[in-house]
2 protein chains.
Amino acid sequence: MADQIPRVVVLRLPMYARVLSGLVKENRKVVSSQELGARLQVTPAQIRKDLSYFGKFGKQGSGYSVKKLLVELRSILGLDREWSVAVIGAGRLGKALIKYPGFAPQGFNVVGAFDNNPHLVNKKVGKVTVRSIDQLEDSVQELGINVGIVAVPAPEAQNVVSVLLRCGVKAILNYAPAVVQVPKDVQLREIDPLLALQSMTFYLKETRTPRRDRGVRS
Amino acid sequence: MADQIPRVVVLRLPMYARVLSGLVKENRKVVSSQELGARLQVTPAQIRKDLSYFGKFGKQGSGYSVKKLLVELRSILGLDREWSVAVIGAGRLGKALIKYPGFAPQGFNVVGAFDNNPHLVNKKVGKVTVRSIDQLEDSVQELGINVGIVAVPAPEAQNVVSVLLRCGVKAILNYAPAVVQVPKDVQLREIDPLLALQSMTFYLKETRTPRRDRGVRS
DNA sequence: CCGTGTGAATGAGTTCACAGCC
DNA sequence: GGCTGTGAACTCATTCACACGG
């Protein structure tokens, strides 16, 4: 069970898992692909098809056991274990990421932070102490880093990524607004709000000065 | 020229524009789809095909004028004008977004910030003063908001989005880890580092304890 | 000759529609 | 009756391959 699974399917599984977590909290026991789809803006057929790549998790006539399906998905995604994350770049963005309280509860522990600014090195940010980027290479092994989050300025991004690659890190989340190259056995995700904004404005161009009913308050 | 253009194409155009900006700075006059592709990890054919949806911008035998193509793309994407952005939620993340210095140079001006926490209201963050979320509806018109960035806790996200929709905002960048529903004439982009991380770990599962050559330092 | 622009061919991903089971 | 699981049909996206122009 390796990689003949469509990329897009893997990108959707975490969304399914998130909705299921919500349903667990609502104490829902069972859910249909129909309802899951409605909550996710995805067709029921797509959900069933996606899940079918991994096995048969549902019961005909009723649907899926919320708890069971969530456990399955978490196992499939490798979320039933802890991951050690390094944040590289401890500027405004890096600091925000290091302190972000949403990672740890999901098993992503920020265990290291790195920056090349001497004013930041040895300072504490959240629970970790910032180290020099020179130490990154050694620290990856020491700290057992599995995942790198890159939050350095664009021109430095490729260098940092190259170091991570050399250390055997196989998953990189890149916040730098730069294209970085990785071999295809390495996972890379880009987070870039500007690209997102710029792709939305394309569709906004036509929508000029939307008529608004003036005065009357509903 | 409306919307028979594939979604994915529109998502790629901003990347092209970004690389072209870089080339302008390097004083490159001309570029081929070949080279553009190499810098972006995209096939040359794809670039040519993508551009062909909008016109003929290249010269056979030589390639594309860097400057001219950039101007064209910026015009196509609606980046040759200014956009007014509201950030809703002025917590840790919201503050970072409000202060992010990368938006303004690209024509995205954060002109309003909103939060429902009384301790934050009327406080200055960066260049803007935080207003109460109650004022959001009126402010959208007053400030001419075109784009909303949502950085509130997940449970509040849909409410905030609904207000934005009521005000006629047609582009929303959602940082809240929640699925929000919008009509299809509204553009929505999601930014969620956790989903990104969780989709990477799927591929990491198999890669166990990568053998490292011990001792010898290269 | 080199590189664009593009129909045509291929490939990937989604939806349909229905058999099978609860 | 209701809902899953899934081949088959279809839609959407990418790549090929070549005619054409500088």
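This is a predicted model, so every value here is computed, not measured. A, B, ... follow the sequence lines: proteins, then strands. Residue 1 opens every chain.
- For B:Tyr53 and D:dA13, the shortest distance from a side-chain N or O to OP1 or OP2 is not below 4.0 Å.
- A straight line from CZ of A:Phe57 to P of D:dT6 spans 11 Å, rounded to a whole angstrom.
- In the set C:dG13, C:dT4, D:dG5, the nucleotide with an atom closest to the side chain of B:Ser33 is C:dT4.
- One can place CZ of A:Arg7 at 16 Å from P of D:dA13, the figure rounded to the nearest angstrom.
- Without hydrogens or angle criteria, A:Ser75 side chain to A:Val71 main chain gives no donor-acceptor distance under 3.5 Å.
- Look at NZ on B:Lys68: it is 12 Å from C1' on C:dT4, rounded to the nearest Å.
- Listed by first then second residue, pairs satisfying side-chain hydrogen bond (donor to acceptor under 3.5 Å, both in side chains) with a partner in residues 39-50 of chain B read A:Gln181-B:Gln41, B:Arg12-B:Gln46, B:Arg12-B:Asp50, B:Tyr16-B:Asp50, B:Glu26-B:Arg39, B:Ser33-B:Arg48, B:Glu35-B:Arg39, not counting sequence neighbours.
- At whole-Å resolution of the value, CD in A:Gln41 and P in C:dT14 are 15 Å apart.
- Between the CG atom of A:Leu51 and the P atom of C:dT14 there is a distance of 13 Å, rounded to whole Å.
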(message) Across nucleotides 15-22 of chain C, 5' to 3', mark each nucleotide with B, S or - according to how protein heavy atoms within less than 4.0 Å reach it.
(response) B-B--BBS
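- B:Lys170 places no side-chain N or O within 3.5 Å of a backbone atom of B:Asp185 that could act as its donor or acceptor partner.
- If you measure from atom NZ of A:Lys29 to atom P of D:dC3, you get 19 Å, rounded to the nearest angstrom.
- For A:Phe54 and D:dG5, the CZ to C1' distance is 15 Å, given to the nearest whole Å.
- Annotation: of the two residues near DNA chain C, A:Asp50 and B:Val31, the 5′-most nearest-nucleotide partner is B:Val31.
- B:Arg74 places no side-chain N or O within 3.5 Å of a backbone atom of B:Asp80 that could act as its donor or acceptor partner.
- Distance alone, capped at 3.5 Å, is enough to place a donor-acceptor pair between the A:Asn146 side chain and the A:Ser84 backbone.
- Considering only side-chain N and O atoms, A:Arg12 lies under 4.0 angstrom from the phosphate OP1 or OP2 of C:dT14.
- In this structure, B:Thr201 contributes its side chain and A:Leu77 its backbone to a donor-acceptor pair below 3.5 Å.
- B:Lys99 contributes no side-chain N or O that, together with a main-chain N or O of B:Val125, makes up a donor-acceptor pair within less than 3.5 Å.
- To the nearest angstrom, C1' of D:dG2 lies 14 Å from CD of A:Glu35.
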